[in-house]
Structures are given as C-alpha cells and as structure tokens.
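Basis for what follows: all heavy atoms, side chains included, without hydrogens, waters or symmetry-related copies. Each chain gets a letter, A, B and so on, in the order the sequences are listed, and its residues count up from 1. Values in this document were obtained by computation on a predicted structure and should not be read as measured data.
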Amino acid sequence: MNERFTREKIGEEMYFSAINIEKFNTSRISVNLVVDLKRETVTANALVAFLLRKGCGLYPDFTALNLRLDELYGAVISTDVRKFGDSQIINISGVCINDRFSLDNEKILPELAKLICNILTDPVMKDGLFLENEIEVEKNVLSDTIRSIKDDKSAYVVEKLIANMCADEPFGIAKYGYCEDMDKLSAEYVTKCYRDILSESRIEIVCSGENIDDSLKDVFVSELSTLVRKNVNIRETNVTKPQTMCKEFVEKLNISQSKVALGFACGIPITNKRSTALRLMSALYGGSVSSKLFMNVREKMSLCYYCASTIDRYKGVMIAYSGVEEKNREKAIQEMLHQLDDIRNGNFTEQELEQARASLITGFESMNDSLYGLEAWYLGQTLCGINHTPQEEIKLIKEISSNDVVESAKSMKLNAVYSIVEGGDGE
Amino acid sequence: MKIETSRNNRLDTTVRFFTHKSGLKVKMCKLEDFKSAYAIISTKYGSADNCFKVADEDSFTKVPDGIAHFLEHKLFQNEEGTDAFALFSQTGANANAYTSFEKTAYLFSCTNDFKNNLEILLGFVTKPYFTKESVEKELGIIGQEIQMYEDDPGWNVYVNALDGMYINNPVKVDIAGTQESISQITPELLYRCYNAFYDLRNMVLTVVGNFDEQEVVDTCDKLLEEKTTFNVQKATVSEPKHVSQNYVEKKMDVSIPHFQLGFKLDDRGEKNNELDSVYCEILLDVIAGESSPLYRKLYDSGLINDAFGSETFAGRDYFGYFFGGESNNPKKVRDMIFAEIQRIRNDGVDAKLFEASKKALYGRYVTIFDKPSALASFITSCEFADVEIYDIIEQVANAELKDVVKLIERTNIENTVLSVIRPY
C-alpha cells in the first residue's frame, strides 16, 4: 500500500499537506512555521516555541492541558525548534491514536487539530503580552537545553564543527540560540517575535494517517483564517562553499575518549542533478555497517566503536564523525580521509557500491512503515521544493553510476576538522 | 507441529505461535500492508547471568563482567572469516544486536529476501566461532565502546544508581564490563557461556511485519537441530530489601547536575513483576507525570526542566522505579517526590488523574503495534516473563485504583538511592 500525498494552498504562504495511508493505529499533525535563521531573533523565536506549549485559550493551565491530552488516550503535543538549511522552524507536533481505538467513540484527531491551532493562535497572555513568570520559567528551561548540548559529547562535536565551519552563514547559528541573549528577552520583545512569526513565516502543515480529509483541512482553514499574513519572503538556502584551506579546531574538556568531526562541502545545490549521487556516496563512505568507515576504521583497525558519515544535501555538506582514544586520534582522522580518497580514486568494488545502494533502497522502502518517516520525508521534500515520492527517489538511486559516486566524492572538499580532547578544567 | 493463534479484536492483530521441535519458541505477527519484515531472536541470557554451573558441575563459577556483551559482538563472526553483517549487507537488510541485563538479541529488518535473511540470522546465531585472534581484535572495539559510555552522563548516573540500589544482585554490574574485566575473556570462556545459554529451549524468535509464515517454519526446520540436554543453573543471590547507599555522587564535565532517584521495591518473581509494571506506569504518572500537581510545582519552581521523566524497572528478580532528569537541586526534587508519595498515602490517589493516566497508558500500548521493532520487543519480553501480550493490554484496561495504592504501600522511602552527576 503506497501513501497518497496531496498539498494545497490554504492561505497566503500557508499550505496543507495530507499523507493518507491506512495501516497505522495513530495519526500525526505537524505544523511548521519557517522563518529565516538570524542571529538577532534565533533565541527569542526558540523561546516562543517553548512558551506556546504551556497553554492556550481553551486550556490556559498547563496541567489542565496535559490532563486533557491524557484523556485523549495519551495524545501528545510537543513544540520544538529545528534548523533546515538556512531556516529556523518553530514546530508544533501532535500524535494520537485513531478514533476506532477509543473506548467511548471519541473523535480524537479533530480535537487534537483544534488544540494545536488554539496553541498557535491563542497562547496564554495578559494585556497582549506573554506572562512574565512563564517567560522566566521557560528562559531557564531553554538555557538548560542550550547548555546541555555540551553534555552529549558525540553530538556536541558535530554542533561545534558546524558552528565553526559555517560561521559566516546562517546555518552556523545554533538552532536554540544563545544563553547570553536571555537578558534581552523582555515580554514585549518575545511577544513581538511571536507576532512576526505568525505573520511572516511560511506555514507548512502536514497531517498523516488514515482519515486525512477535507474536514480536517477545514479545521486549519477556519482556525488560521484570522491570521494576518504579510511580508512572507523566506530567503533561499545557499550551499556551503568548498574551501581551499581546511581549518582545524581543538577543544579541551574533561573526557575519557576524544571525539572528532570532519566537515566537507561540495557546493552542489540540491536542485542540480549531480546532487542525487551525494546520498549514495555518503552511504558508501559511512552510512552503514558495510561502509568504508565502519569496515576499516572500526573493523579492520579496531580504533573505534562508531565511525560514520551523514549528508545534508540541502547545504551540500557531509560530516564524518567518530570517538577514539586520544593516542589514535590522528591515525583515525588520516584513515577517515584516506577512505574518502579511495572513493575519489574509484577504489571500491562493485559489491561495496551495490551493498550501499541496497541499504539505501531498503531504508526508503521501509519508510512506508513509519508514519513519522513519511512525514519527515514529505516535509523535507516540500521545504526543498522537490516533491519526490520515496518510490521516485528509489528509481533515481538505482540510476546512479559508479562514476557519479566518484565525481561526488571528488566534489567534496575538507573545510574543517573539529576535535574534542581530554584536558579540561576539573579534578 | 501445531501453530496456535491468539487474536485481539480491539487491536485487530493476531499472533501465531508454535514451539519448534528444537525447543525454540516462535512468535509471528503479520501486520497488514507493511512492507518490511522485522525478525529478532533472543536468548534469556544477559549481563546479570554472571555466575552459573552446567550439567554435572559441582560448583558455580563466575565469568568476567561484560562477557555476555562480548559474546554478542563475536557471534557475528563465522568460521569462513567473514561476518554476518557482510551477509546481510548483500541483501540490503539492516542488522543489529544488543545485550541487556537478562537477554541478548540479534535482529534484522528487510524489505525483500526475507527467507534468505532469516537463514543468515538463524545460521550465525547457532554457529559460534571464537578464536584468540578475533577476541583480541574485539578488545579494541569494545574498549572504545566502554570509553564512549564513560563520557555519557546519562549512562553514568543510571549505573551508579543501580550500584547504590543493589548489594548482591548482578543487575548492578555494567553490561559492557570494564577494560580490565574484558581483558580476561578467552575463547574458552565464550564457548562456555554460549553452550550454557544459547540452547534453543532458552530462546525466542519473533517475526513482525510482512513475511511468509511458511518460510519461517521451513527455515527453522532446515537449520535448527535439537541439541543435548539444556541444563544450566544460575546462581541465585540473596538480595536484601534495603539499598547499599542512599546517595551516590560523581563529577563529570556536564553543564547541569543529572540525577536518577531509584526506588527499590520487593521482588515478586518475573511474571508478577511484568504484570505489576503496568500498574507502576500509572503510578509514575500519578506521582509526577506531566498532568500531576507535583510536576507543575517542580517545573514552575525551576527545579526540573523538560528532561524530567520516569521509568519502571522490572525483571526476573528485581522491581522498582526511577525518576530522573536534570536539576540544580536534585536533593530538593527527591524530598518533594517523597513528600508527594506521603501525601498520596494520606489523601488517596486522585481518581480523575488515575483514570486519565490509565487512558494514556492504553493509548501508548496501542501505539506499540505501529512499530515493528517495539512490537517485536514487547512480544519477546512477554514470552520470557511467561505472560501473553494481550493479558498486558487487559491488565491496563482493568486496572483499578487499589492496584496503584498497593504499589504505594510497597514503597519505602528508606529503600531509595539518589544518584547525581555534578559538574566540576
């Protein structure tokens, strides 16, 4: 059973997408407010996302809102901040079980949709401003969130790589913002940012499940029709430029195992045909347990437990990362670079390439078995302006030649290396 | 060989199951219109099974910490010199494995070639091959895995909590062991553990998603033999009711203190622990779930943030629960949780909150059936605990306030440990 995807305009730069598929027990709603990622507004926008979750006109009390969600069979509403290319996304998501599982014939999904719209359009305010005490509470929670990125060293090294490698681009801005901005976030300013988001963001709503019909779309149409929309002009994302010189960064922290992240850029926009092969090249390089990084840095040389790569085709950026004992760090970095060189020189077998391709194809085929996977795929496609189904993407993957993969690897230049090593302050 | 059927009309799912002549229990759950198949074979052997004897041995012997996990890594290697990951890669299947306190599991997910992939899975799990060279090679990899966890505050705070909670129960031992303990592992010890526990009568194969039932039967028939007598005895430990320490602290490079507050309850045996965990889920929501008054107090006062959560801890000879998260004052969070438990003892469980939590838990169980990996894990755990998955669903639907009250009565705040990871 393949999903049916439709997308239509329901307002000024406001779109409703439906993914209809009838095999799951749950349904999902994802409301995405896309704005330019800017240093001046990033933290305030993140704070808006945290504040919205706390209540709405229908349920101004946070506890009462959560209780209502429990009564809807554990429906979940979450808000979060995402980075997509050079954009910041304020996301409000909902998940619920389907009506046929309710024990008293409750209609759950339409109710969830109304709650989400209410959260978006009617947050808890007094005299037209977010409440001061709520702002203080959520500033602390947001600060904790920003600081705790550092507690996961494997993820932190990648964050720092991007921040430094893309320091001159919006992409290098941290999606949750910065602790040093908190003092400037008054109720007036945060409320202004909220209103700016509502009027100036591109709004992409994606609903998925077994009954995504016009009646659900109409909930969004009617609830969001009061929004005043103006100046919606989200800038295009630019690819990261490949550099001729590689920058190296070393940070000292109190850790047992060193972490490394290598950042590459190819300068190929996602709309260019040559971008298609990047995904397969990254899969061959470090995308699975049969990849060159896993088979060599881990299995042959026993230097690490994990060594992998990931690709962001929207920015044309590939990141390879690992955790190794400090005495082996240089050796591991050299081997990671050597493996990419091998691909550039065509030093890979047909079997290796076909295994990478098969692994990618299985991933795309399995996407049909995950409602979240489908939502993430179609949202990503919509934001990139491409609109392939997973089946169409599989067809393209099958057409990529060995030479395409070699050219992809050649296009990747090492822009930066970020390492975290032992040596921080501590006992 | 008869295949039996267990159906739940409310959830519109059917589990078909049989015991193969080799002793392997097989559970199959087809999900209509799914494209992938997910198969997982598990043995009832984990990190906590560190002391045992087989057949006619006189005494129990202890094996090095981390050996169950080490064995999991090495089982992928075959005698021909390749490994099972390479075989799965040829079909595009995605394979993995994991070791927990009480079980070790090997799995794959695929969208084609199901029979071939199942043959690979059953093939490598039933053909161990351990050598001195391959053990030495793995020391480097697992050594790095251990180092990776050393830097993980979430893992450290949890392991330290278990260490404070348990005195003799080997559930307190780190699953991967230490660099020192794994250096004592030899091929002979790996074979000893394998031969003791990887008997098909000690194992369960669960298949979920899109697959042909007959292919499961045929592959089992083709590859699985009945082995010699399954006779392993695990050393029982006497675990006192009290904890080892009420407070454990460690410093790491973190931005804010991480904490886990563990409650140790009495053990009532594997089956009862599994069934009681349903009531425990509701209890945790009632005490400090997002709809509870306590959560609101903790959150609004800045004592917790959105990293706060709870979990039930239930196994064959242990039962309890945890509240954990990040806080600048973990001791205050602990004291407020204690106070709330006392308040609930005095005032009773709020009926509205109980009913809402029960509905939410039911919803969470419905969601499990959407995810092949979660469903397969659920089916396997229930089989090991000798309960039916639909009995668990019914347990949720029939839960009463008094079931949650009983768990409060079994809670003693003296038998708790607060584990904290602080910044330098």
Item to complete: Please state whether the side chain, the backbone, both or neither of A:Glu365 comes within less than 4.5 Å of a heavy atom of chain B.
Response: both

Fill in: B:Glu326 side chain near A:Val141 side chain, heavy-atom distance below 4.5 Å
no

Worksheet item: How far does OG of A:Ser290 sit from CG of B:Leu87, to the nearest 0.5 angstrom?
Response: 11.5 Å

Worksheet item: chain B: which of A:Gln351, A:Glu134, A:Glu136, A:Glu138 shares the most heavy-atom pairs with it under 4.5 Å?
Response: A:Glu138

Worksheet item: With only heavy atoms counted, which part of A:Lys23 is less than 4.5 Å from chain B, the side chain, the backbone, both or neither?
Response: both

Discussion item. As an exercise: rank A:Glu71, A:Glu325, A:Arg147 by heavy-atom pairs under 4.5 Å with chain B and give me the winner.
Written reply: A:Glu325

Fill in: Heavy-atom donor-acceptor pair, A:Gln257 side chain to B:Gln144 backbone, under 3.5 Å
yes

Worksheet item: Which one of A:Leu103, A:Thr63, A:Val137, A:Asp152 has the most heavy-atom pairs closer than 4.5 Å to chain B?
Response: A:Thr63

Fill in: Which of A:Asn140, A:Ile108, A:Val324, A:Asn98 touches chain B most, by non-hydrogen pairs under 4.5 Å
A:Val324

Discussion item. In the structure I gave you, are the side-chain heavy atoms of B:Lys371 and A:Tyr372 within less than 4.5 Å of one another anywhere?
Written reply: no

Response to the item:
Applying a strict 4.5 Å limit to non-hydrogen atoms, the region of A:Ser288 in contact with chain B is neither

Fill in: Min side-chain heavy-atom separation B:Asp151-A:Lys259 under 4.5 Å
yes

Response to the item:
The interface call for A:Arg68 against chain B, heavy-atom contacts under 4.5 Å, is neither

Fill in: Donor-acceptor contact present, side-chain B:Ser89 to main-chain A:Gln355, <3.5 Å
no

Worksheet item: Roughly how far, to the nearest 0.5 Å, is CZ of A:Arg100 from CG of B:Asp12?
Response: 6.5 Å

Practice prompt. To the nearest 0.5 angstrom, please state how far the CD atom of B:Glu145 sits from the CZ atom of A:Arg298.
Written response: 7.5 Å

Fill in: Minimum side-chain heavy-atom gap B:Glu290-A:Leu67 below 4.5 Å
no

Discussion item. Is there a side-chain contact between A:Lys153 and B:Asp152 in this structure, where contact means two heavy atoms from C-beta onward sitting under 4.5 Å apart?
Written reply: no

Discussion item. Main chain of B:Ser357, side chain of A:Asp70: is a donor-acceptor contact present, judged purely on distance under 3.5 Å?
Written reply: no

Worksheet item: Under the 3.5 angstrom rule, does the side chain of B:Asp370 hit a backbone N or O of A:Asn25 as a donor-acceptor pair?
Response: yes

Practice prompt. Pick one of side chain, backbone, both or neither for A:Glu422, based on which atoms fall under 4.5 Å of a heavy atom in chain B.
Written response: neither

Worksheet entry | Side chain A:Ser256, main chain B:Glu150, donor-acceptor under 3.5 Å | no

Practice prompt. If the plane angle is over 60° it's perpendicular, under 30° parallel, otherwise tilted; pick one for B:Phe34 and A:Phe24.
Written response: perpendicular

Discussion item. Which one wins on heavy-atom pair count under 4.5 Å against chain B: A:Ala358, A:Ala356, A:Ala64, A:Cys96?
Written reply: A:Ala358

Fill in: A:Ile97 portion near chain B, given a 4.5 angstrom heavy-atom threshold
side chain

Worksheet item: With under 30° as parallel and over 60° as perpendicular, where do the rings of B:Tyr362 and A:Tyr73 fit, or are they tilted in between?
Response: perpendicular

Discussion item. Counting C-beta onward and ignoring hydrogens, is there a side-chain heavy-atom pair between B:Leu11 and A:Phe101 closer than 4.5 Å?
Written reply: yes

Fill in: Region of A:Asp369 in contact with chain B, defined by heavy-atom distances below 4.5 Å
both

Worksheet entry | Option in A:Leu69, A:Val289, A:Ile361 with maximal non-hydrogen atom pairs under 4.5 Å from chain B | A:Val289

